[in-house]
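Below, each value reflects all heavy atoms present in this structure, side chains not excepted, and no hydrogens, waters or symmetry copies.
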Amino acid sequence: MVEIMMRGCKMGLLIVGLILMECLLSNNGVDGANNNKKKAVGASFIFGDSLVDAGNNNYLPTLSKANLRPNGMDYKPSGGKPTGRFTNGRTIGDIVGEELGIPNHAVPFLDPNATGKSILYGVNYASGGGGILNATGRIFVNRLGMDVQVDFFNVTRKQFDKMMGAEKAKEYIGKRSIFSITIGANDFLNNYLLPVLSVGARISQTPDAFVDDMISHLKNHLTRLYKMDARKFVVGNVGPIGCIPYQKTINQLNEDQCVDLANKLALQYNAKLKDLLANLNKDLPSSTFVYANVYDLVMDLIVNYDNYGFKTASRACCGNGGQFAGIIPCGPQSSLCSERSRHVFWDPYHPSEAANLIIAKKLLDGDHKFIFPYNLRQLRDL
């Protein structure tokens, strides 16, 4: 009888053990994977120009604004009202953040609501007209250059310490957050190549010297962020700026032509940027600098637009002037296309949300041709 009771107890313990193990396996299975995914996601800190500006310029006395209709007409969180994004919907930064599991778009730093818990999902410092060099974008009267954007992150960094405590904040920012930098195009378009402002610069600086100046300043900006505990970086190169509707229109090019000088400058900068990031990976311990090959991504869209379901990669959906609606920026008086999702370019300078979706997808899941040494999902999970 005692033996039977002992067997019964052992059997009962075995069943309990199996149940417990099943629970543990269940928690470490699908649910565990989700928990790990949540743990891997921190904040998205976005630096750059109008390609990723989420509304900072709304709070500046500047000529570079996108707070007028029809900008933002497909941006669902605002119900189609303009937010200061220079496109019809979401920017690449918005889409990437969503895909990496961040529940809210990074709030613009200058937004009065960018305080307290709202910044835990990330902060956007980008500014239309901003560049790597402080002189870039003077034509717009006001803008946030990269130097100022990094200064603003310093403010955010101190806020994180107050909210989370120094140790937790350092881990959250260094191990769980991603710093994305999309900048450099304005240094060419609205500085070196701009006749009104750049004659003196072009006389005193060769293209080599100008690009070297950009790289030197960017190195300083990235190193400053590193010293404030940033560790995971994705840095976009400069896209094919000679192929945007603005350049095609003012240079009276054919649909399949691009401005050679602008693209050559971009490629020259891009080669040196790639070397810079490789060196920073070696020189800054525990850092990961990812090179996003935006140039080839966008050029692929422009050359093979019909393969992606677009009907044009030359004409702006929203704009006015010339064959490609590329002279006057998007605003209430602009002509507007009927099929926004079939235009690579929303306005004379910026991709449509449909194009941003394709670019973001390749940055998230692409191979080394478009993003190196890790894609963004891999960077998140490091």
Heavy-atom check, side chain of [X] versus side chain of [Y], under 4.5 Å:
X: V150; Y: M228; answer: yes
X: R342; Y: T312; answer: no
X: H217; Y: D147; answer: no
X: M73; Y: L336; answer: yes
X: F160; Y: L120; answer: yes
X: K232; Y: K175; answer: no
X: F370; Y: N375; answer: no
X: E353; Y: Y75; answer: no

If hydrophobic clusters are built by linking Ile, Leu, Val, Met, Phe, Trp and Tyr wherever their side-chain heavy atoms come under 4.5 Å apart, do [X] and [Y] end up in the same one?
X: I132; Y: Y295; value: no
X: M299; Y: I241; value: no
X: F179; Y: L51; value: no
X: L297; Y: V52; value: no
X: F47; Y: L218; value: yes

Inter-residue atom distance [X].[atom1] - [Y].[atom2], 0.5 Å rounding:
X: I119; Y: N104; atom1: CD1; atom2: CG; value: 13.0 Å
X: L225; Y: R157; atom1: CG; atom2: CZ; value: 11.5 Å
X: H343; Y: N88; atom1: NE2; atom2: CG; value: 11.0 Å
X: D49; Y: F86; atom1: CG; atom2: CZ; value: 9.5 Å
X: I327; Y: I250; atom1: CD1; atom2: CD1; value: 8.5 Å
X: S335; Y: R315; atom1: OG; atom2: CZ; value: 5.5 Å

Is it true that atom [atom1] of [X] has more than 12 heavy atoms of other residues, nucleotides or ligands lying nearer than 6.0 Å?
X: Y121; atom1: OH; result: no
X: K81; atom1: NZ; result: no
X: K170; atom1: NZ; result: no
X: Y374; atom1: OH; result: no

Pairing donors with acceptors under 3.5 angstrom, does anything connect the side chains of [X] and [Y]?
X: Q268; Y: D208; answer: yes
X: N190; Y: N186; answer: yes
X: D53; Y: S50; answer: no

Under 3.5 Å, is there a donor-acceptor pair between the side chain of [X] and the main chain of [Y]?
X: Y192; Y: Q205; value: yes
X: R143; Y: G131; value: no
X: S127; Y: L144; value: yes
X: Q247; Y: I244; value: no
X: N58; Y: T83; value: yes
X: N124; Y: A126; value: yes
X: R231; Y: Y226; value: yes
X: D187; Y: L133; value: yes
X: N304; Y: N307; value: no
X: T249; Y: G322; value: no

Would F372 and Y291 count as a ring-ring contact (aromatic ring centres under 6.0 Å, His included) if you check the C-alpha gap in whole Å, the side-chain angles of each, and the deciding distance to 0.1 Å? CA-CA 5 Å; F372 177 84; Y291 177 77; 8.1 Å; no
Show the numbers, then the answer: is there a side chain to side chain contact (heavy atoms under 4.5 Å, CB included) between N56 and Q149? CA-CA 11 Å; N56 279 307; Q149 293 181 35; over 6 Å; no
Ring centroids only, cut at 6.0 angstrom: are F153 and F45 within range, meaning strictly under it?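 Between F153 and F45, the centre distance is under 6.0 Å.
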Suppose we call two aromatic rings close when their centres sit under 6.0 Å apart. Are F109 and Y125 close by that rule?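 F109 vs Y125: aromatic centres under 6.0 Å.
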Is there a side chain to side chain donor-acceptor pair (under 3.5 Å) between D213 and S216 once you walk through the steps? CA-CA 5 Å; D213 203 17; S216 175; 5.4 Å; no
Heavy atoms only: give me the nearest [X]-[Y] pair and the separation to one decimal.
X: V294; Y: G236; value: CG2-CA, 4.1 Å
X: S341; Y: A354; value: O-CB, 3.6 Å
X: R340; Y: C317; value: CG-SG, 3.7 Å
X: F140; Y: T62; value: O-OG1, 3.2 Å
X: N57; Y: K65; value: O-NZ, 2.8 Å
X: F310; Y: I358; value: CE1-CD1, 3.5 Å

Any Lys/Arg nitrogen of E99 or R377 sitting under 4.0 Å from an Asp/Glu carboxylate oxygen of the other?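 Yes, charged N to carboxylate O under 4.0 Å.
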Let me see the working for F233 and L277 under side chain to side chain contact (heavy atoms under 4.5 Å, CB included), right down to the final yes or no. CA-CA 10 Å; F233 298 84; L277 299 185; over 6 Å; no
Return each pair, listed once, that meets disulfide bond (SG atoms under 2.5 Å apart) where at least one residue sits in residues 274-316; pairs must be two or more places apart or across chains.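 Residue pairs passing disulfide bond (SG atoms under 2.5 Å apart), neighbours aside: none found.
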Take S180 and I46 through the side chain to side chain contact (heavy atoms under 4.5 Å, CB included) test and state the conclusion after the steps. CA-CA 5 Å; S180 65; I46 298 172; 3.6 Å; yes
Contact list for residues 279-289, test side chain to side chain donor-acceptor pair (under 3.5 Å), sequence neighbours left out: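 Residue pairs with at least one partner in residues 279-289: there are none.
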When you take the SG atom of each Cys, C330 and C318, is the space between them under 2.5 Å?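 Their SG atoms fall under 2.5 Å; a disulfide, then.
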N154 and D151: CA distance, side-chain angles, deciding distance, side chain to side chain contact (heavy atoms under 4.5 Å, CB included) verdict: CA-CA 5 Å; N154 189 34; D151 286 343; 5.6 Å; no
Can you tell which of N71, T87, D74 makes a side chain to side chain donor-acceptor pair (under 3.5 Å) with W346?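 The residue from N71, T87, D74 that satisfies side chain to side chain donor-acceptor pair (under 3.5 Å) with W346 turns out to be N71.
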